[in-house]
Amino acid sequence: MQTITTAAALRTVLSNQSGSVAFVPTMGALHDGHMALIAAAVASHDIVVASIFVNPTQFNESADLDAYPRTPEADADLLKAHGCNVLYLPEVKDVYPEGTGKSLTSTLGFGSLTARMEGANRPGHFDGVAQVVSRLLEIVQPDTLVMGQKDYQQVAVVRSMISQLGLRVELLVVPTVREVSGLAMSSRNRRLSIPETVAAAAINRHLSAVVAGLAAGWPARELEGMAFREIGTHPLLRPEYIEICDGDTLLPYQDGAPVREIVVATAVHCGPVRLIDNRLFAPSLAEEVNP
Ligand code: PAF
């Protein structure tokens, strides 16, 4: 695996290669969830490029940016062991040579996709995500961009950005990888204490209960209220939202509406960490997607 720190050097290396390129953007602190993205990329492409870049423009709180775990040596070892060919590990000035101010908000609109959930609770976050992903795509120029279902709203925003900018890149979405306890893998999990880690496993159990409720035809708003209240009874958990939305528009799901996919998404504070997770349900099949 080659580690490259500048966009110019990356372009030189990639332009000398032939074959299909898959790109896995990350912020490091890699875990098995990221390795599932690498595995999906390796399985379907000739060259796999991963980036590790803790993007300052998508953090609303500087404390969260400062506390974001950084483990570049261990990350590089993991990527190499899983068959990644090129690691792009840039400095901020290489990604943003003209400064971080240039935003895509003036040219792109995400409408209902960013109105709720993470969009409502983290102002500017998705502008930062769109900004960095569009810049990374400009640098790497992959055939396929590989992202995780855990950040469902992020995937919806990136899909919209690709379509609005007319970019020629496929988007491959990989199902969420969970701990044995059911807790969705996340770089932020390593900031949880043992009791918090145990408590956080309850989040997925409540999402399961909501999915079971949807399968049984229970009203969406009642299920949301019930899950929110029940998560809130746990002493170490503080729910921020739990929403049942149309997976395509990310607007609240209306009972009986003929949508392709329903997303049940939540953000829950646990100790110093804000965790997000989601599960998908296909009403036409009356079954969960990627269970
Ligand atoms: O999901 C992430 O880790 C980040 O939001 C991404 C896509 C790498 C952009 O910084």
Side-chain angles (χ1 to χ4, degrees), residues 7 10 22-38 40-41 48-62 64-72 75-76 78-79 84 86-96 100 102-105 108 110 113-114 117-119 121-140 142 144-162 165 167 169-177 184-191 265 267 273-278:
L10 184 68
F23 173 49
V24 182
T26 83
M27 298 205 300
L30 302 181
H31 48 69
D32 285 355
H34 294 107
M35 292 311 116
L37 307 182
I38 297 290
V48 174
V49 180
S51 63
I52 297 179
F53 178 62
V54 183
N55 172 37
T57 72
Q58 70 187 77
F59 285 82
N60 333 59
E61 288 171 27
S62 55
D64 191 24
L65 172 63
D66 294 342
Y68 203 84
R70 288 165 172 85
T71 55
D75 291 348
L78 261 182
L79 288 169
C84 177
V86 179
L87 166 60
Y88 175 47
L89 189 67
E91 300 279 342
V92 173
K93 63 179 186 316
D94 196 59
V95 175
Y96 299 121
T100 54
K102 182 175 148 258
S103 168
L104 286 173
T105 4
L108 302 185
F110 297 112
L113 296 181
T114 53
M117 304 189 283
E118 298 303 287
N121 288 284
R122 302 180 65 188
H125 168 67
F126 286 122
D127 290 332
V129 169
Q131 178 186 25
V132 75
V133 175
S134 69
R135 173 67 181 135
L136 291 170
L137 288 175
E138 181 181 59
I139 295 169
V140 181
T144 303
L145 172 66
V146 186
M147 301 187 87
Q149 181 198 308
K150 178 170 158 285
D151 294 290
Y152 190 86
Q153 195 171 13
Q154 165 168 282
V155 170
V157 167
V158 169
R159 184 178 287 118
S160 167
M161 180 202 79
I162 288 171
L165 295 175
L167 303 179
V169 63
E170 294 292 321
L171 182 57
L172 176 62
V173 184
V174 177
T176 303
V177 179
M185 290 201 183
S186 163
S187 305
R188 290 185 166 90
N189 291 355
R190 54 184 90 188
R191 295 179 57 211
V273 181
R274 181 177 179 280
L275 299 166
I276 61 170
D277 198 357
N278 68 76

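Atoms within a ligand are numbered from 1 in the order they appear, just like the ligands themselves. Bear in mind that the values here come from a model prediction, so they are computed numbers and not experimental data.
Between L79 and I38 there is a side-chain heavy-atom pair separated by less than 4.5 Å. Inter-residue side-chain proximity for F126 and L113 is flagged as unmet; no heavy-atom pair is nearer than 4.5 Å.
The side-chain contact (heavy atoms from CB on, under 4.5 Å) test applied to S186 returns K150, R188, N189, not counting sequence neighbours. H31 is linked by a ring-ring contact (aromatic ring centres under 6.0 Å, His included) to H34, counting only residues two or more places apart in sequence or in another chain. Remark: F53 pairs with no residue by the ring-ring contact (aromatic ring centres under 6.0 Å, His included) rule, at least two apart or across chains.
The six-membered or imidazole ring of Y88 lies away from that of F23, with a centre-to-centre distance of 6.0 Å or more.
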What are the distances between nitrogen or oxygen atoms of ligand 1 and protein nitrogen or oxygen atoms, counting only those under 3.5 Å?
residue	atom	partner	partner atom	Å
ligand 1	1 (O)	Q154	NE2	2.8
ligand 1	5 (O)	Q58	NE2	2.9
ligand 1	5 (O)	Q154	OE1	2.6
ligand 1	10 (O)	Q58	OE1	2.6

